[in-house]
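Read through the structure below, which is laid out as structure tokens, and then see the notes.
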Number of protein chains: 2
Amino acid sequence: MSVGIRHDDLRRRNRAMVIAAVRRAGQPSRTEIAATTGLSHSTISAISADLIGEGILAEGKPSDTGSLKRGRPQVGLGLNPEAAAVMTVVLSLNFLSVTVIDYAGQVISEEQRRLDTLTMSREALIGECVAIVRRRLDDPDIDVRSVARIALAIQGITDTDARAMLWSPITPQTDIAFADILEAEFGIPATMENDCNMMAVALRWRDPERYRDDFIAILLSHGIGMGLVLKGELFTGTHSSGGEFGHMIHRPGGALCRCGRRGCVEAYAGNYAIWRNAKQLGEDTEPVADVSDAQMRALAATARERDGPEREAYRKAGEALGYGLGSLFALIDPAPVAMVGVSAAAFDLIEPALREAIAQTAGGQHSKSISFDTEPNELPLIREGCAMRALTFVDQEIFAPGVPARAGSGKNVA
Amino acid sequence: MSVGIRHDDLRRRNRAMVIAAVRRAGQPSRTEIAATTGLSHSTISAISADLIGEGILAEGKPSDTGSLKRGRPQVGLGLNPEAAAVMTVVLSLNFLSVTVIDYAGQVISEEQRRLDTLTMSREALIGECVAIVRRRLDDPDIDVRSVARIALAIQGITDTDARAMLWSPITPQTDIAFADILEAEFGIPATMENDCNMMAVALRWRDPERYRDDFIAILLSHGIGMGLVLKGELFTGTHSSGGEFGHMIHRPGGALCRCGRRGCVEAYAGNYAIWRNAKQLGEDTEPVADVSDAQMRALAATARERDGPEREAYRKAGEALGYGLGSLFALIDPAPVAMVGVSAAAFDLIEPALREAIAQTAGGQHSKSISFDTEPNELPLIREGCAMRALTFVDQEIFAPGVPARAGSGKNVA
DNA sequence: CAGAATTTTTTTGAGGCTCGAAAAAATGGA
DNA sequence: TCCATTTTTTCGAGCCTCAAAAAAATTCTG
């Protein structure tokens, strides 16, 4: 079953640890690395000498801070930006966005493009993705050989192996093995990630204080998605990306959901559901394909202005989210929640009913202490998460080979 | 954050691996251990020589199997029963059960006792537990010094550190740090586990083929509990034992649950809920304190015999369990389920509605392929799980020190 | 401004661990 | 009895980490 530790695994693991420490801390000295990793100074010295020799790390300028301390000044170690590059491909409704990022995390090339994802053929969708990647690789600023990994993100369900999109609301197509397709086309390792999981990864890098070991990122958009970090690891289903919070059942046999079933949380809290309730269309009405952000903002403005069906629609959304979170918290215990997406900007309309509902549940025992952050713009978050995910893959698989960075696992989030 | 690997960790981890391999396989030869652990023959030889020298392992009789093969016969290595002993304490409704188990897993002493847990004072409850443990330790057959660990199991919520019972339906008392109490009293390390988690651990040892990396054990008893193994590890909440499947919300504002809230799965599927529906008492009726197994069996018999409120009660239970499982499967993907407890014997009455409900949910996409096992008797399962948990703690913490066997984690299930 | 104090980093030697290869042990078959 | 076969042990090599000492690079002090 689980395999014994060989002697040479040791060095590999400790190399990975040093790289991770540098990526987290920015410009730590060898002494600081020794402290955070718990390894001895001599070991850190040996490993960092290797990594510098290989061009993975680089010593920082000693001039940096006019160190006030006595003694030999610390010399900071940083990631060598030229050690590698990674590419992120984010596919969302009617929108395709690609960035190239150097090893230190700086964007060095990007391109964005509007598409009509809902009506495109399978071939056209794949073709657009391949073409945009090719254009970025052809960018004269980019050394193609340095691009070590591609991370794709898409709204919807992906498989645990991070190879394929299984189902997505942005296209009628299913089961597209994007990762395999890009790998075959460009010879660069690729993974296919779920957008909400990438949001969670990004939150962790942005604010490790708040989003450390256990937290939830919920996407309040046309659909409802979730990224979940538990005990420091990204939580995924056993076969798929999992965490389909939006399709937990809120009311058995209730409102019609975009997925074709009834009573899902999303069927009350997704943009289309809020829209449907605000327009008093009845719960059996077929969900509309898209509601623009502007329309949603207008809806929220109306709801704030006067009592009426708009306000009631947000109340119902809050209730569904609250009961859903309550059920979730019954399983995993409460944790900080980040609300992301256009409806997060209307969280003031959602929160009262949400808190009232959650207080009715087993998970809501300490409902007052549960805290919510809001972030209306999901795209930058998804891009950032993708970038960090791709970079940590490079850290672990390429620069510290032998330490398996399981695709589905979130081990490499940290 | 995560700490570097020191050089001496290597030996400790590999020792733990060898012990685990022997515990799983029974009487493996050194060659077989080398194969399963992936370590070299020389390493296995060195480690097993150490372990035999320390009295942890023992060579089996060579006469065992008249080996038909040519060549030097394999000599099996087994656990030395006298290396240590562990104690399990299982506290359930009106019942307290203790066993002492040797290092090889054989029961060497036991005692069971009826109590009136619902009305006992805090002191009396603790006193009974301490007293029964003391009696077993005084058993002349037991070498007190060899008892290396105590594992308690209780129905209800325990904390992640496995120190305390936070809440339990079997007593009005809350927050009893049983583990600390027993440790202080006897100087033997103790942990406090959730009963359903122990059921899951036991299932894994009983049938590793079926219950390997991902499965669910659901207790259908007076209350509804769950033990969940995901990706090979016992899943627990972040603060508590978590996995409160019974208190996921089935119908917002619905039937009155024993926990005081409304609409929980348990309020439809617990024994008291089935009883309440069968007797047509109305969903607001205060749950009865206990329904005997005999009464439940009579109810099931009636339901099988004729259509009526009894049959309808089981149908409602199935529906609640089905929607609950559907929501759960939306989060974690479907997995094999073991139904345990007295109502598992009535699973034929529950299953049709359960399958119908689950098919209405996102998690039920492949509902036909989801398989259910039933096991009417939970107590032996809980005891077994406790025993294995305590033994693997000894394996890892005492006989391979330095490898942290986190209390809350399920790492040591395997 | 020189030397002392201080802190960081590198070097060195010791001790441990795993591994592969070879040797030893234990058995069945000819 | 001796050979073939399989398991187990032994042995030396190669790494890795660690602690301690040495070296390096500063600031402080008189």
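A quick note: this is a predicted structure, and the numbers were derived from the prediction, not measured. Naming: A, B, ... by sequence-line order, numbering from 1 per chain.
- Regarding contacts with the backbone of D/dT17, every side-chain N or O of A/S40 stays at 4.0 angstrom or more from both OP1 and OP2.
- We find that CZ of B/R12 is positioned 10 Å from P of C/dC17, with the value rounded to whole Å.
- Atoms CG (A/D9) and C1' (D/dT17) sit 15 Å apart, rounded to a whole Å.
- In terms of modelled atom types and a separation under 3.5 Å, the side chain of A/D214 and the main chain of A/K231 share a donor-acceptor contact.
- Here D/dC16 presents its P atom at 14 Å from CD1 of A/I44, a figure rounded to the nearest Å.
- Rounded to whole angstrom, the span from the CD1 atom of B/I33 across to the C1' atom of D/dT7 amounts to 13 Å.
- Rounded to an integer number of Å, the gap from A/L39 CG to D/dA19 P is 11 Å.
- Comparing C/dT10, C/dA21, C/dA25 against the side chain of B/S42 picks out C/dA21 as the nearest.
- Ion pairing between B/R204 and B/D213 holds under the 4.0 Å rule for side-chain N and carboxylate O.
- Under 4.0 angstrom from either OP1 or OP2 of D/dT8 there lies at least one side-chain N or O belonging to B/T31.
- Inter-residue side-chain proximity for A/R11 and A/D50 is flagged as met; some heavy-atom pair is nearer than 4.5 Å.
- A salt bridge links A/R15 with A/E54; the closest basic N to acidic carboxylate O contact falls under 4.0 Å.
- Here the nucleotide nearest the side chain of A/Q74, chosen from D/dT7, C/dT8, D/dT10, is C/dT8.
- Evaluated for a side chain to side chain contact (heavy atoms under 4.5 Å, CB included) with B/L77, the options B/R30, B/Q27, B/E32 yield exactly one hit, B/R30.
- Here D/dA24 presents its C1' atom at 15 Å from NE2 of A/H41, a figure rounded to the nearest Å.
- One can place CG of B/L10 at 14 Å from C1' of C/dG15, the figure rounded to the nearest angstrom.
- The residue among A/R72 and A/I47 whose nearest nucleotide of DNA chain D lies closer to the 5′ end is A/I47.
- Between B/N14 and C/dT18 there is a side-chain polar atom (N or O) within less than 4.0 angstrom of OP1 or OP2.
- Rounded to an integer number of Å, the gap from B/I52 CD1 to D/dT9 C1' is 12 Å.
- Within 3.5 Å, no donor on the side chain of A/R70 pairs with an acceptor on the base of C/dT6, nor the reverse.
- The phosphate of D/dT17 has OP1 or OP2 within less than 4.0 Å of a side-chain N or O from A/R11.
- Residue B/R30 has its side chain nearest to D/dT8 when only D/dT8, D/dT26, C/dT10 are considered.
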